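Note sheet for the following structure.
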Protein chains: 2
Amino acid sequence: MTPSEENYLKAIYQLGETSKASISTNAIAEKMKTKPSSVTDMIKKLSDKKLILYRKYKGVSLTDVGRISALSTLRKHRLWEVFLVEKLHFTWDEVHEVAEQLEHIRSEQLIDRLDQHLGFPRTDPHGDPIPSKDGNYKKFIKKLLSEMAVGSEGICIGVKDSSTAFLSFMDKNRIALGDKITLLDKEEFDGSLHIKVKDRPLQISSQIACNLYIEL
Amino acid sequence: MTPSEENYLKAIYQLGETSKASISTNAIAEKMKTKPSSVTDMIKKLSDKKLILYRKYKGVSLTDVGRISALSTLRKHRLWEVFLVEKLHFTWDEVHEVAEQLEHIRSEQLIDRLDQHLGFPRTDPHGDPIPSKDGNYKKFIKKLLSEMAVGSEGICIGVKDSSTAFLSFMDKNRIALGDKITLLDKEEFDGSLHIKVKDRPLQISSQIACNLYIEL
DNA sequence: ATAATTAATTAGGACTATCTAAATATTTAG
DNA sequence: CTAAATATTTAGATAGTCCTAATTAATTAT
Ligand SMILES: [Mn+2]
Ligand SMILES: [Mn+2]
Ligand SMILES: [Mn+2]
Ligand SMILES: [Mn+2]
């Protein structure tokens, strides 16, 4: 399995997490920042290797073997992100690019021991769950802040968007994972929200609210 | 700089550490476990990039830029080896293959913080010195056990051969870096040595003695 | 139902890194 | 000093990944 193959499988898995239907060539191309023709080349290869199911013009879906591989890469990516934050004191907006490289290091022993060294973490710095060694992957039932009822409260447990732009917005406004958030009011006009973060009042746009996961 | 280019530069540097003359195509091919024709292809490329000096049929040598790159890769390799042993409890014969991959991860911040996390180590698990961030590299004056005078003593500070075969021999015979070694006697017949390791008597072959560095 | 639009594939090419086999240069031995 | 042996380079091929441009299939709008 080459790094490129691993990246494609991971992308297909992540696109399937939300949509669940078969994944289109263009969707993969957009996520991988590559051209549709390159995607077609690769999906033929992955299909030959029985890592995905592919019907021309109808999109792809992962086989069991393909899904296990994708989860393994996701596991490595997220464990390395935890390492970078917990042990090397990176901020949560600095880790992604480096983890994109580290996830392709080939050594089962390495990842086992890294997991142990980190104390078997269950989530990464962005609140995403870490698949277990055997490929088990419990998706939390996560609710977006934008879907909360006015007056209810919950704990901020994750971000949907992991871009530097969004994460540094979070830092600037001192909202962190684990913080208690109360939804005070919604503006009719633009959908912006009045919230309390650890008893500190704050007003945020609806775009922000659509990217914050809350556990009630 | 691709991983392959980095590997070639590192190989050329290491071949030059001992010989100091220009490095032959075949020597590089042997070290890289590849074919001489592949080496010719790559040295043309490295020469075009001014990373090495190349005269057809006359071998190559590193330019200043090439040497800095080689030392940077060596630094990463050795820092990762320290990490694997100190933090993830790998044994010193298990680290090389993984470090060969990790040394190509591209992130200056990563390697700086790793260095700090490890407490700025000066040598790797095999006793090899770690080049500094700015490319300074102080070679220790190392003497081989085979060159010691009978009756003298010293500290074992490194191994010349880092193969699993040799390192597990060391473990089996309980010889570790930092141990005090006294040369008691040399056998005329086969050149084998009678030594004391931390006051424990031991007999070793001359091949072993040729691969152990001692500081007097 | 047909036309226009969008999505996907194919054709053909570039670039990297590797190899085998053949040709050529250099070194070594007699 | 020549001949044999060795070292090195060149020629030509393959495999992987990505690209642009052209073609074909599927979807949508009229
Ligand atoms: Mn990431
Ligand atoms: Mn993450
Ligand atoms: Mn090593
Ligand atoms: Mn080493």
Side-chain angles (χ1 to χ4, degrees), chain A residues 1-12 15-16 18-62 66 69-70 73 97 100-101 103-106, chain B residues 1-12 15-16 18-62 66 69-70 73 97 100-101 103-106:
Chain A
M1 194 82 73
T2 67
S4 188
E5 290 172 330
E6 290 176 346
N7 286 334
Y8 273 95
L9 290 176
K10 186 161 64 101
I12 293 166
L15 290 167
T18 42
S19 72
K20 137 187 277 176
S22 78
I23 313 303
S24 75
T25 302
N26 271 9
I28 298 168
E30 193 181 354
K31 187 160 180 87
M32 302 280 299
K33 295 185 206 303
T34 182
K35 301 295 167 185
S37 55
S38 301
V39 174
T40 302
D41 285 347
M42 181 57 89
I43 64 188
K44 281 177 184 165
K45 185 179 167 196
L46 294 174
S47 179
D48 287 346
K49 291 188 170 191
K50 315 271 188 212
L51 293 162
I52 60 176
L53 289 172
Y54 169 46
R55 285 183 315 144
K56 266 193 192 176
Y57 293 101
K58 299 296 179 183
V60 303
S61 60
L62 291 173
S69 170
T73 305
E97 193 196 351
E100 279 297 317
Q101 299 177 61
E103 71 189 2
H104 302 295
I105 302 292
R106 235 167 289 286
Chain B
M1 193 84 72
T2 68
S4 187
E5 290 172 331
E6 290 177 345
N7 285 335
Y8 273 95
L9 290 176
K10 185 162 63 104
I12 292 165
L15 289 167
T18 42
S19 72
K20 138 185 276 173
S22 77
I23 314 302
S24 75
T25 301
N26 270 9
I28 298 168
E30 192 181 355
K31 186 160 181 88
M32 301 280 298
K33 295 185 204 305
T34 185
K35 302 294 167 186
S37 56
S38 300
V39 173
T40 302
D41 285 347
M42 181 58 88
I43 64 188
K44 281 176 184 165
K45 186 179 166 195
L46 294 173
S47 178
D48 287 347
K49 292 189 170 191
K50 315 271 190 213
L51 293 161
I52 59 177
L53 289 172
Y54 169 45
R55 287 184 312 146
K56 268 192 192 178
Y57 294 102
K58 299 297 179 184
V60 303
S61 59
L62 292 172
S69 169
T73 305
E97 192 196 351
E100 279 297 317
Q101 299 178 61
E103 73 189 2
H104 302 295
I105 303 292
R106 235 169 292 285

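Excluded from the calculations below are hydrogen atoms, water molecules and symmetry mates; all remaining heavy atoms, backbone and side chain alike, are included. Numbers restart at 1 for each chain; the letters A, B, ... are given by sequence-line order, proteins then strands. These numbers were taken from a predicted model, which means no experiment stands behind them.
DNA chain D is contacted by both A/Met32 and B/Tyr54; B/Tyr54 maps to the nucleotide lying nearer its 5′ end (nearest heavy atom per residue).
Distance, A/Lys49 NZ to D/dG16 C1': 10 Å, rounded to whole Å. Look at NZ on B/Lys44: it is 15 Å from C1' on C/dT16, rounded to the nearest Å. Summarising the geometry, the separation between CG on A/Asp41 and P on C/dG13 is reported as 15 Å, rounded to the nearest angstrom. Rounded to a whole Å, the CD atom of B/Glu6 is 15 Å from the C1' atom of C/dT16.
Note that OH of A/Tyr54 is 10.5 Å distant from CG of A/Asp48, once rounded to the nearest 0.5 Å. Between the CG atom in A/Leu15 and the OG atom in A/Ser22 there is a gap of 11.0 Å [rounded to 0.5 Å].
Neither OP1 nor OP2 of D/dT9 sits under 4.0 Å from any side-chain N or O of B/Lys35. For the OP1/OP2 pair of C/dT16 and a distance below 4.0 Å, the side-chain nitrogens and oxygens of B/Ser4 include no atom meeting the criterion. Taking only side-chain nitrogens and oxygens, A/Ser38 comes nearer than 4.0 Å to OP1 or OP2 of D/dC19.
Tested against B/Tyr8 for a side chain to side chain contact (heavy atoms under 4.5 Å, CB included), the candidates B/Val60, B/Ile28, B/Thr2, B/Ile52 yield a single pass: B/Ile28.
B/Leu51 places none of its side-chain heavy atoms less than 4.5 Å from the side chain of B/Leu62.
Of the candidates D/dC19, D/dT9, C/dT9, C/dT9 carries the atom nearest the A/Ile43 side chain, counting heavy atoms from C-beta on.
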Give each protein N/O atom lying under 3.5 Å from an N/O atom of nucleotides 21-26 of chain C, with the pair distance.
residue: C/dA25; atom: O4'; partner: B/Tyr57; partner atom: OH; Å: 3.3

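Among the protein residues, B/Thr40 comes within range of the nucleic acid bases, having at least one heavy atom under 4.0 Å from a base atom.
Listed by chain and number, the residues in a side-chain hydrogen bond (donor to acceptor under 3.5 Å, both in side chains) with B/Lys10 are B/Glu100, B/Glu103 (sequence neighbours excluded). A search for side-chain hydrogen bond (donor to acceptor under 3.5 Å, both in side chains) contacts involving A/Glu6 returns A/His104, A/Arg106, not counting sequence neighbours.
Residues in residues 50-62 of chain B take part in no salt bridge (Lys or Arg N to Asp or Glu O under 4.0 Å) pair, two or more places apart or across chains.
DNA chain D is contacted by B/Ser24, B/Thr25, B/Asn26 of residues 24-31 of chain B, taking any non-hydrogen atom closer than 4.0 Å.
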Side chains of residues 33-44 of chain B: which donor-acceptor pairs under 3.5 Å do they make with residues two or more places apart or in other chains?
residue: B/Thr40; atom: OG1; partner: B/Pro36; partner atom: O; Å: 3.2

